[in-house]
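For ligands, and for the atoms within them, numbers begin at 1 and follow the listed sequence. On a predicted model such as this, the values are computed, not experimentally measured, just so you know.
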Amino acid sequence: MAKAKSLASTITAHSSNPFEEMIRRFDVAAKILNLEADIYDVMKYPAKNIEVNLPIMMDNGLIKVFNGYRVIHSTALGPSKGGIRYSMDVNEDEVKALAAWMTWKCAIADIPYGGAKGGIKCDPSKMSVGEIERLTRAYTKAMSDIFGVDKDIPAPDMNTGPREMAWIVDEFSNLKGGFTPGIVTGKPLHLGGSLGRVEATGRGVNTSAICAMNKMKLNPKKSTLAVQGFGNVGSISARFLVEQGLKLVAISDYTGAYYNPKGIDLAKALTYRNSNKGNLEGFKGGSKLTNDDLLCLKVDVLAPCALENQITKDNAANVQAKLIVEGANGPTTSAADDILNKKGVIVVPDILANGGGVTVSYFEWVQNRTGYYYSEEEINKRANNWMTKAFENVWSVAQKHKTSLRIAAYVYAMNKVATAIKSRGSY
Ligand code: NAD
(Lines give C-alpha, C1' and ligand atoms only; values in the text may rest on other atoms or scores of the structure.)
Protein backbone atom coordinates (compact mmCIF):
# COMPACT_ATOMS: atom_id res chain seq x y z
CA MET A 1 0.00 0.00 0.00
CA ALA A 2 1.19 3.54 -0.74
CA LYS A 3 2.76 5.34 2.21
CA ALA A 4 1.56 8.59 3.75
CA LYS A 5 2.02 11.66 1.60
CA SER A 6 3.18 14.87 3.23
CA LEU A 7 0.90 17.85 3.58
CA ALA A 8 3.93 20.12 3.83
CA SER A 9 3.44 21.43 0.29
CA THR A 10 -0.07 22.63 1.07
CA ILE A 11 0.94 24.47 4.25
CA THR A 12 2.88 27.71 4.49
CA ALA A 13 6.06 27.12 6.45
CA HIS A 14 5.54 27.41 10.18
CA SER A 15 2.37 29.49 10.24
CA SER A 16 0.47 29.33 13.50
CA ASN A 17 -2.90 28.16 12.22
CA PRO A 18 -3.67 25.55 14.92
CA PHE A 19 -4.94 22.93 12.47
CA GLU A 20 -1.79 23.29 10.37
CA GLU A 21 0.30 23.08 13.54
CA MET A 22 -1.46 19.80 14.36
CA ILE A 23 -0.89 18.44 10.84
CA ARG A 24 2.85 19.23 10.93
CA ARG A 25 3.34 17.00 13.99
CA PHE A 26 0.90 14.44 12.54
CA ASP A 27 3.00 14.25 9.36
CA VAL A 28 6.22 13.56 11.26
CA ALA A 29 4.53 10.85 13.35
CA ALA A 30 2.88 9.33 10.24
CA LYS A 31 6.34 8.88 8.69
CA ILE A 32 7.70 7.19 11.82
CA LEU A 33 4.68 4.88 11.84
CA ASN A 34 4.92 4.21 8.10
CA LEU A 35 1.23 4.99 8.07
CA GLU A 36 -0.68 3.81 5.00
CA ALA A 37 -1.89 6.70 2.80
CA ASP A 38 -5.57 5.76 3.12
CA ILE A 39 -5.46 5.46 6.92
CA TYR A 40 -3.56 8.77 6.97
CA ASP A 41 -6.49 10.38 5.15
CA VAL A 42 -9.08 8.84 7.48
CA MET A 43 -7.23 10.18 10.53
CA LYS A 44 -6.40 13.60 9.12
CA TYR A 45 -9.93 14.74 8.22
CA PRO A 46 -12.57 15.27 10.89
CA ALA A 47 -15.33 12.67 10.69
CA LYS A 48 -18.01 15.35 10.98
CA ASN A 49 -17.94 19.11 10.86
CA ILE A 50 -21.15 20.90 11.83
CA GLU A 51 -21.62 24.65 11.53
CA VAL A 52 -24.72 26.39 12.86
CA ASN A 53 -26.02 29.95 12.87
CA LEU A 54 -28.10 30.59 15.96
CA PRO A 55 -30.61 33.47 16.11
CA ILE A 56 -30.87 34.72 19.69
CA MET A 57 -33.24 37.32 21.12
CA MET A 58 -30.98 39.81 22.93
CA ASP A 59 -32.09 41.80 25.97
CA ASN A 60 -32.58 44.91 23.81
CA GLY A 61 -35.29 43.13 21.81
CA LEU A 62 -33.15 42.67 18.68
CA ILE A 63 -32.22 39.30 17.19
CA LYS A 64 -28.51 38.55 16.85
CA VAL A 65 -27.12 35.57 14.92
CA PHE A 66 -24.22 33.64 16.48
CA ASN A 67 -21.94 31.30 14.55
CA GLY A 68 -21.19 27.94 16.23
CA TYR A 69 -19.32 24.73 15.47
CA ARG A 70 -19.07 21.14 16.59
CA VAL A 71 -16.28 19.15 15.01
CA ILE A 72 -16.09 15.41 15.59
CA HIS A 73 -12.61 14.36 14.65
CA SER A 74 -12.80 10.64 15.40
CA THR A 75 -15.03 8.04 16.98
CA ALA A 76 -12.68 5.12 16.24
CA LEU A 77 -11.96 4.42 19.93
CA GLY A 78 -15.37 5.36 21.34
CA PRO A 79 -17.88 8.22 21.61
CA SER A 80 -16.33 11.59 20.86
CA LYS A 81 -15.38 13.85 23.76
CA GLY A 82 -14.44 17.49 23.91
CA GLY A 83 -15.26 20.87 25.38
CA ILE A 84 -17.25 23.84 24.13
CA ARG A 85 -15.45 27.18 23.93
CA TYR A 86 -17.05 30.65 23.89
CA SER A 87 -14.70 33.20 22.38
CA MET A 88 -14.50 35.77 19.61
CA ASP A 89 -11.44 33.86 18.32
CA VAL A 90 -13.47 30.69 17.63
CA ASN A 91 -13.07 29.62 14.01
CA GLU A 92 -13.35 26.39 12.07
CA ASP A 93 -9.60 25.64 11.95
CA GLU A 94 -9.18 26.21 15.68
CA VAL A 95 -12.09 23.88 16.49
CA LYS A 96 -10.77 21.26 14.02
CA ALA A 97 -7.33 21.32 15.68
CA LEU A 98 -8.77 21.15 19.19
CA ALA A 99 -10.99 18.22 18.13
CA ALA A 100 -8.00 16.29 16.74
CA TRP A 101 -5.97 17.04 19.89
CA MET A 102 -8.84 15.52 21.90
CA THR A 103 -8.59 12.31 19.83
CA TRP A 104 -4.86 12.06 20.56
CA LYS A 105 -5.27 13.08 24.21
CA CYS A 106 -7.88 10.42 24.94
CA ALA A 107 -5.80 7.75 23.15
CA ILE A 108 -2.71 8.68 25.19
CA ALA A 109 -4.65 8.63 28.46
CA ASP A 110 -6.07 5.20 27.50
CA ILE A 111 -9.63 6.50 27.71
CA PRO A 112 -12.18 4.77 25.42
CA TYR A 113 -13.22 8.00 23.70
CA GLY A 114 -12.73 9.66 20.35
CA GLY A 115 -12.20 13.40 20.00
CA ALA A 116 -14.44 16.41 19.36
CA LYS A 117 -14.62 20.11 20.12
CA GLY A 118 -17.25 22.81 19.93
CA GLY A 119 -17.23 26.56 19.91
CA ILE A 120 -19.43 29.61 19.55
CA LYS A 121 -18.04 32.89 18.27
CA CYS A 122 -19.20 35.26 21.00
CA ASP A 123 -17.91 37.47 23.79
CA PRO A 124 -19.69 36.33 26.95
CA SER A 125 -18.17 39.22 28.93
CA LYS A 126 -20.43 41.52 26.90
CA MET A 127 -23.58 39.39 27.30
CA SER A 128 -26.10 39.09 30.11
CA VAL A 129 -26.56 35.77 31.93
CA GLY A 130 -29.95 35.43 30.19
CA GLU A 131 -28.39 35.93 26.76
CA ILE A 132 -25.66 33.36 27.50
CA GLU A 133 -28.31 30.91 28.70
CA ARG A 134 -30.46 31.37 25.57
CA LEU A 135 -27.38 30.92 23.37
CA THR A 136 -26.32 27.75 25.24
CA ARG A 137 -29.82 26.27 24.96
CA ALA A 138 -30.07 27.15 21.24
CA TYR A 139 -26.68 25.50 20.59
CA THR A 140 -27.78 22.38 22.52
CA LYS A 141 -31.02 22.21 20.52
CA ALA A 142 -29.13 22.56 17.24
CA MET A 143 -26.75 19.78 18.31
CA SER A 144 -29.34 17.54 19.95
CA ASP A 145 -28.92 14.81 17.33
CA ILE A 146 -25.13 15.07 17.50
CA PHE A 147 -24.73 14.93 21.28
CA GLY A 148 -25.47 11.63 23.01
CA VAL A 149 -24.22 9.72 26.07
CA ASP A 150 -22.82 7.06 23.72
CA LYS A 151 -22.21 9.40 20.77
CA ASP A 152 -20.68 12.75 21.62
CA ILE A 153 -20.14 14.13 25.12
CA PRO A 154 -19.32 17.84 25.54
CA ALA A 155 -17.54 19.49 28.49
CA PRO A 156 -16.46 22.99 29.51
CA ASP A 157 -13.63 24.84 27.82
CA MET A 158 -12.63 28.49 27.67
CA ASN A 159 -15.41 30.72 29.10
CA THR A 160 -17.80 27.86 29.81
CA GLY A 161 -18.14 25.98 33.09
CA PRO A 162 -20.53 24.05 35.35
CA ARG A 163 -23.28 26.65 34.83
CA GLU A 164 -23.36 26.14 31.05
CA MET A 165 -23.10 22.35 31.50
CA ALA A 166 -26.17 22.41 33.77
CA TRP A 167 -28.15 24.27 31.05
CA ILE A 168 -27.05 21.69 28.47
CA VAL A 169 -28.16 18.81 30.74
CA ASP A 170 -31.51 20.51 31.25
CA GLU A 171 -32.14 21.39 27.60
CA PHE A 172 -31.04 17.98 26.33
CA SER A 173 -33.09 16.16 29.00
CA ASN A 174 -36.19 18.25 28.12
CA LEU A 175 -35.77 17.59 24.40
CA LYS A 176 -35.16 13.86 24.70
CA GLY A 177 -37.22 13.07 27.80
CA GLY A 178 -35.67 11.62 30.96
CA PHE A 179 -32.81 13.04 33.03
CA THR A 180 -29.49 12.61 31.19
CA PRO A 181 -26.62 13.92 33.34
CA GLY A 182 -24.08 11.79 31.39
CA ILE A 183 -24.61 13.95 28.29
CA VAL A 184 -21.87 16.34 29.52
CA THR A 185 -19.01 16.30 32.02
CA GLY A 186 -17.80 19.17 34.16
CA LYS A 187 -21.29 19.53 35.67
CA PRO A 188 -22.00 20.97 39.10
CA LEU A 189 -21.59 18.32 41.82
CA HIS A 190 -25.31 18.39 42.69
CA LEU A 191 -26.18 17.40 39.09
CA GLY A 192 -23.82 14.42 38.95
CA GLY A 193 -20.46 16.17 38.60
CA SER A 194 -17.35 14.41 39.90
CA LEU A 195 -15.31 15.22 42.95
CA GLY A 196 -11.80 16.23 41.92
CA ARG A 197 -12.79 17.50 38.44
CA VAL A 198 -11.98 21.17 39.16
CA GLU A 199 -8.39 20.35 40.19
CA ALA A 200 -7.92 17.45 37.75
CA THR A 201 -6.04 19.25 34.96
CA GLY A 202 -3.64 21.04 37.32
CA ARG A 203 -3.10 17.85 39.28
CA GLY A 204 -2.21 16.04 36.05
CA VAL A 205 0.15 18.84 34.97
CA ASN A 206 1.90 18.36 38.32
CA THR A 207 2.10 14.57 37.89
CA SER A 208 3.58 14.82 34.41
CA ALA A 209 6.02 17.55 35.49
CA ILE A 210 7.27 15.42 38.40
CA CYS A 211 7.59 12.35 36.13
CA ALA A 212 9.71 14.40 33.71
CA MET A 213 11.80 15.91 36.52
CA ASN A 214 12.55 12.40 37.82
CA LYS A 215 13.76 11.35 34.37
CA MET A 216 15.85 14.53 34.09
CA LYS A 217 17.19 14.13 37.66
CA LEU A 218 15.90 17.60 38.57
CA ASN A 219 15.22 17.91 42.28
CA PRO A 220 11.83 19.65 42.78
CA LYS A 221 13.04 21.12 46.07
CA LYS A 222 15.92 22.85 44.28
CA SER A 223 13.96 23.92 41.20
CA THR A 224 12.30 27.17 40.21
CA LEU A 225 9.00 27.56 38.38
CA ALA A 226 7.27 30.16 36.20
CA VAL A 227 3.60 29.78 35.28
CA GLN A 228 1.87 31.63 32.46
CA GLY A 229 -1.90 31.99 33.06
CA PHE A 230 -3.48 32.12 36.49
CA GLY A 231 -6.88 30.59 35.81
CA ASN A 232 -8.03 27.06 36.53
CA VAL A 233 -5.05 25.23 35.02
CA GLY A 234 -2.29 27.74 35.85
CA SER A 235 -3.16 28.47 39.47
CA ILE A 236 -3.93 24.85 40.34
CA SER A 237 -0.81 23.51 38.61
CA ALA A 238 1.19 26.12 40.55
CA ARG A 239 -0.43 25.01 43.80
CA PHE A 240 0.49 21.34 43.36
CA LEU A 241 4.01 22.06 42.10
CA VAL A 242 4.68 24.38 45.05
CA GLU A 243 3.48 21.56 47.33
CA GLN A 244 6.17 19.38 45.70
CA GLY A 245 8.79 21.94 46.78
CA LEU A 246 9.30 24.00 43.61
CA LYS A 247 9.91 27.70 44.16
CA LEU A 248 7.32 29.70 42.20
CA VAL A 249 9.12 32.83 40.99
CA ALA A 250 6.70 34.17 38.37
CA ILE A 251 3.01 34.12 37.53
CA SER A 252 0.97 35.94 34.92
CA ASP A 253 -2.46 36.55 33.49
CA TYR A 254 -3.85 38.78 30.76
CA THR A 255 -2.90 41.86 32.84
CA GLY A 256 0.84 41.01 32.74
CA ALA A 257 3.47 39.00 34.63
CA TYR A 258 4.69 39.29 38.23
CA TYR A 259 8.22 38.19 39.21
CA ASN A 260 9.81 37.61 42.60
CA PRO A 261 13.13 35.72 42.70
CA LYS A 262 12.59 35.06 46.43
CA GLY A 263 9.34 33.29 45.65
CA ILE A 264 5.77 34.42 44.97
CA ASP A 265 3.46 33.91 47.95
CA LEU A 266 0.86 31.74 46.19
CA ALA A 267 -1.80 32.01 48.89
CA LYS A 268 -1.56 35.81 48.74
CA ALA A 269 -1.74 35.78 44.93
CA LEU A 270 -4.85 33.57 45.00
CA THR A 271 -6.57 35.74 47.61
CA TYR A 272 -5.66 38.85 45.63
CA ARG A 273 -6.99 37.42 42.36
CA ASN A 274 -10.22 36.23 43.97
CA SER A 275 -10.92 39.66 45.43
CA ASN A 276 -9.90 41.50 42.26
CA LYS A 277 -12.48 40.35 39.67
CA GLY A 278 -10.40 37.23 38.95
CA ASN A 279 -7.25 39.00 37.75
CA LEU A 280 -3.83 39.98 39.11
CA GLU A 281 -3.80 43.65 38.02
CA GLY A 282 -2.01 45.63 40.76
CA PHE A 283 -0.60 42.55 42.57
CA LYS A 284 2.27 43.75 44.76
CA GLY A 285 3.91 40.38 45.46
CA GLY A 286 6.39 40.74 42.59
CA SER A 287 7.83 43.19 40.11
CA LYS A 288 5.97 43.61 36.84
CA LEU A 289 7.25 41.91 33.67
CA THR A 290 5.74 41.36 30.26
CA ASN A 291 4.34 37.93 29.44
CA ASP A 292 7.16 37.43 26.97
CA ASP A 293 9.73 38.20 29.72
CA LEU A 294 8.11 35.49 31.85
CA LEU A 295 8.48 32.89 29.11
CA CYS A 296 12.20 33.66 28.83
CA LEU A 297 13.07 33.72 32.56
CA LYS A 298 15.97 31.62 33.83
CA VAL A 299 13.91 28.97 35.61
CA ASP A 300 14.03 25.18 35.72
CA VAL A 301 10.38 24.61 34.86
CA LEU A 302 8.05 26.70 32.72
CA ALA A 303 4.33 25.91 32.60
CA PRO A 304 2.41 27.76 29.86
CA CYS A 305 -1.21 27.48 31.03
CA ALA A 306 -3.02 30.25 29.14
CA LEU A 307 -3.30 30.36 25.37
CA GLU A 308 -2.20 28.91 22.05
CA ASN A 309 0.91 30.10 20.17
CA GLN A 310 2.86 31.59 23.07
CA ILE A 311 6.28 30.03 22.45
CA THR A 312 7.06 30.76 18.83
CA LYS A 313 10.04 31.04 16.50
CA ASP A 314 10.40 34.64 17.74
CA ASN A 315 11.06 33.84 21.40
CA ALA A 316 11.98 30.11 21.56
CA ALA A 317 15.71 30.79 21.25
CA ASN A 318 15.49 32.94 24.40
CA VAL A 319 13.64 30.37 26.51
CA GLN A 320 15.95 29.36 29.38
CA ALA A 321 13.79 26.75 31.13
CA LYS A 322 15.08 23.15 31.16
CA LEU A 323 11.57 21.72 31.17
CA ILE A 324 8.32 23.02 29.66
CA VAL A 325 5.06 21.42 30.78
CA GLU A 326 2.13 22.47 28.61
CA GLY A 327 -1.00 23.02 30.68
CA ALA A 328 -2.60 24.98 27.83
CA ASN A 329 -3.59 23.50 24.48
CA GLY A 330 -1.20 24.42 21.68
CA PRO A 331 1.06 26.92 23.49
CA THR A 332 4.15 26.01 21.42
CA THR A 333 4.32 26.27 17.64
CA SER A 334 6.06 23.62 15.55
CA ALA A 335 8.76 26.13 14.57
CA ALA A 336 9.44 26.73 18.26
CA ASP A 337 9.55 22.96 18.85
CA ASP A 338 12.45 22.67 16.40
CA ILE A 339 14.39 25.39 18.22
CA LEU A 340 13.66 23.97 21.69
CA ASN A 341 14.66 20.45 20.58
CA LYS A 342 17.99 21.74 19.31
CA LYS A 343 18.56 23.51 22.65
CA GLY A 344 17.80 20.29 24.53
CA VAL A 345 14.73 21.67 26.29
CA ILE A 346 12.35 18.86 27.28
CA VAL A 347 8.71 19.65 26.45
CA VAL A 348 5.89 17.60 27.97
CA PRO A 349 3.27 18.22 25.27
CA ASP A 350 -0.28 19.40 25.88
CA ILE A 351 -1.88 16.15 24.67
CA LEU A 352 -0.04 14.37 27.49
CA ALA A 353 0.41 17.04 30.20
CA ASN A 354 -3.16 18.36 30.39
CA GLY A 355 -4.91 14.97 29.96
CA GLY A 356 -5.80 14.84 33.68
CA GLY A 357 -8.95 16.87 32.99
CA VAL A 358 -10.43 14.50 30.42
CA THR A 359 -9.38 11.53 32.56
CA VAL A 360 -11.54 12.71 35.46
CA SER A 361 -14.26 13.68 32.96
CA TYR A 362 -14.24 10.04 31.92
CA PHE A 363 -14.59 9.02 35.60
CA GLU A 364 -17.54 11.44 35.86
CA TRP A 365 -19.25 9.81 32.85
CA VAL A 366 -18.61 6.32 34.28
CA GLN A 367 -20.13 7.41 37.61
CA ASN A 368 -23.20 8.85 35.83
CA ARG A 369 -23.68 5.62 33.88
CA THR A 370 -23.29 3.31 36.85
CA GLY A 371 -24.95 5.54 39.43
CA TYR A 372 -22.09 4.78 41.84
CA TYR A 373 -20.00 7.74 43.02
CA TYR A 374 -16.34 7.55 44.08
CA SER A 375 -14.66 9.45 46.90
CA GLU A 376 -12.32 12.30 46.01
CA GLU A 377 -9.38 10.26 47.30
CA GLU A 378 -10.25 7.39 44.94
CA ILE A 379 -10.61 9.75 41.96
CA ASN A 380 -7.28 11.47 42.63
CA LYS A 381 -5.45 8.18 43.12
CA ARG A 382 -6.83 6.69 39.90
CA ALA A 383 -6.15 9.88 37.91
CA ASN A 384 -2.58 10.00 39.22
CA ASN A 385 -1.96 6.37 38.23
CA TRP A 386 -3.41 6.94 34.75
CA MET A 387 -1.30 10.07 34.18
CA THR A 388 1.87 8.31 35.35
CA LYS A 389 1.17 5.37 33.04
CA ALA A 390 0.49 7.71 30.10
CA PHE A 391 3.76 9.54 30.76
CA GLU A 392 5.76 6.29 30.90
CA ASN A 393 4.15 5.03 27.67
CA VAL A 394 5.04 8.21 25.81
CA TRP A 395 8.53 8.33 27.33
CA SER A 396 9.22 4.77 26.09
CA VAL A 397 8.09 5.63 22.55
CA ALA A 398 10.38 8.69 22.62
CA GLN A 399 13.33 6.53 23.70
CA LYS A 400 12.54 3.88 21.07
CA HIS A 401 12.28 6.32 18.16
CA LYS A 402 14.81 8.83 19.54
CA THR A 403 12.31 11.62 19.18
CA SER A 404 10.78 14.42 21.23
CA LEU A 405 7.99 13.69 23.71
CA ARG A 406 5.60 15.62 21.43
CA ILE A 407 6.24 13.43 18.41
CA ALA A 408 6.27 10.34 20.63
CA ALA A 409 2.83 11.32 21.98
CA TYR A 410 1.49 11.61 18.42
CA VAL A 411 3.09 8.28 17.45
CA TYR A 412 1.56 6.52 20.48
CA ALA A 413 -1.90 8.01 19.91
CA MET A 414 -2.00 7.67 16.13
CA ASN A 415 -0.88 4.06 16.26
CA LYS A 416 -3.72 3.26 18.62
CA VAL A 417 -6.35 5.08 16.55
CA ALA A 418 -5.05 3.57 13.29
CA THR A 419 -5.23 0.07 14.79
CA ALA A 420 -8.85 0.68 15.86
CA ILE A 421 -9.79 2.05 12.42
CA LYS A 422 -8.23 -0.96 10.69
CA SER A 423 -9.82 -3.53 12.97
CA ARG A 424 -13.27 -1.90 12.78
CA GLY A 425 -12.91 -1.71 9.03
CA SER A 426 -15.95 0.47 8.28
CA TYR A 427 -14.77 1.89 4.97
P1 NAD B 1 -9.09 30.05 32.47
O2 NAD B 1 -9.97 30.95 31.69
O3 NAD B 1 -9.48 29.56 33.80
O4 NAD B 1 -7.64 30.75 32.64
C5 NAD B 1 -6.92 31.32 31.59
C6 NAD B 1 -5.84 32.23 32.19
O7 NAD B 1 -5.01 32.71 31.14
C8 NAD B 1 -6.40 33.46 32.88
O9 NAD B 1 -5.65 33.70 34.08
C10 NAD B 1 -6.15 34.58 31.88
O11 NAD B 1 -6.03 35.87 32.49
C12 NAD B 1 -4.83 34.11 31.33
N13 NAD B 1 -4.48 34.77 30.09
C14 NAD B 1 -5.29 35.15 29.07
N15 NAD B 1 -4.57 35.79 28.14
C16 NAD B 1 -3.28 35.78 28.57
C17 NAD B 1 -2.06 36.28 28.06
N18 NAD B 1 -2.01 36.94 26.89
N19 NAD B 1 -0.92 36.09 28.79
C20 NAD B 1 -0.97 35.45 29.97
N21 NAD B 1 -2.08 34.99 30.52
C22 NAD B 1 -3.22 35.14 29.81
O23 NAD B 1 -8.77 28.83 31.46
P24 NAD B 1 -8.21 27.40 31.85
O25 NAD B 1 -9.34 26.47 32.02
O26 NAD B 1 -7.17 27.54 32.92
O27 NAD B 1 -7.52 26.99 30.46
C28 NAD B 1 -6.23 27.45 30.11
C29 NAD B 1 -5.70 26.59 28.97
O30 NAD B 1 -5.70 25.22 29.38
C31 NAD B 1 -6.51 26.62 27.67
O32 NAD B 1 -5.61 26.44 26.60
C33 NAD B 1 -7.41 25.39 27.79
O34 NAD B 1 -7.87 24.91 26.53
C35 NAD B 1 -6.43 24.44 28.43
N36 NAD B 1 -7.03 23.29 29.12
C37 NAD B 1 -7.92 23.47 30.15
C38 NAD B 1 -8.44 22.37 30.81
C39 NAD B 1 -9.34 22.52 31.99
O40 NAD B 1 -9.71 21.49 32.58
N41 NAD B 1 -9.69 23.72 32.40
C42 NAD B 1 -8.10 21.08 30.39
C43 NAD B 1 -7.21 20.92 29.33
C44 NAD B 1 -6.66 22.04 28.72
Side-chain angles (χ1 to χ4, degrees), residues 18 21 81-90 94-95 97-99 101-102 104-106 108-109 111 115 117-119 124-125 154-162 164-165 185-187 193-194 196-206 208 226-239 250-258 269-270 272-274 276-281 283 288-295 302-312 315 325-332 348-362 364 383 387:
E21 289 294 338
K81 185 87 187 85
I84 300 169
R85 176 175 286 201
Y86 289 179
S87 158
M88 287 308 287
D89 294 332
V90 163
E94 184 190 64
V95 183
L98 288 160
W101 285 331
M102 283 307 296
W104 316 137
K105 202 180 288 186
C106 292
I108 291 164
I111 295 170
K117 204 80 181 187
S125 71
D157 193 73
M158 218 175 266
N159 293 324
T160 59
E164 285 74 15
M165 298 307 110
T185 59
K187 298 175 288 291
S194 179
R197 176 61 188 92
V198 173
E199 297 83 10
T201 305
R203 194 179 277 280
V205 168
N206 170 63
S208 50
V227 178
Q228 184 196 40
F230 205 58
N232 174 284
V233 181
S235 68
I236 295 173
S237 300
R239 186 183 115 203
I251 53 176
S252 73
D253 69 5
Y254 73 90
T255 68
Y258 306 83
L270 286 167
Y272 186 85
R273 179 200 67 181
N274 296 343
N276 194 47
K277 294 189 189 139
N279 71 68
L280 290 166
E281 178 84 84
F283 177 59
K288 194 103 188 252
L289 298 178
T290 66
N291 256 299
D292 211 45
D293 293 336
L294 177 142
L295 297 172
L302 171 66
C305 299
L307 307 166
E308 288 141 35
N309 300 329
Q310 295 303 294
I311 305 174
T312 67
N315 59 10
V325 188
E326 296 182 337
N329 285 313
T332 310
V348 185
D350 44 9
I351 52 177
L352 169 61
N354 69 34
V358 73
T359 302
V360 175
S361 274
Y362 168 62
E364 178 176 333
M387 284 300 293

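Between the side chains of Thr185 and Arg197, no donor-acceptor pair of N or O atoms lies under 3.5 Å. For Ser252 and Asn291, the side-chain atoms include at least one donor-acceptor pair closer than 3.5 Å.
Tested against Lys105 for a side chain to side chain contact (heavy atoms under 4.5 Å, CB included), the candidates Thr359, Asp350, Val358 yield a single pass: Val358.
Annotation: ligand 1 has protein neighbours Arg85, Asp157, Arg197, Thr201, Gln228, Gly229, Phe230, Gly231, Asn232, Val233, Ser252, Asp253, Tyr254, Asn291, Cys305, Ala306, Leu307, Gly327, Ala328, Asn329, Asn354, each with a heavy atom less than 4.0 angstrom from the ligand.
Within the 4.5 Å cutoff, the side chain of Leu98 has heavy atoms near those of the Glu94 side chain.
If you take CD1 on Ile251 and CG on Leu289, they are separated by 11.0 Å, rounding to the nearest 0.5 Å.
For the side chain to side chain donor-acceptor pair (under 3.5 Å) test, no residue two or more places apart in sequence or in another chain qualifies with Ser208.
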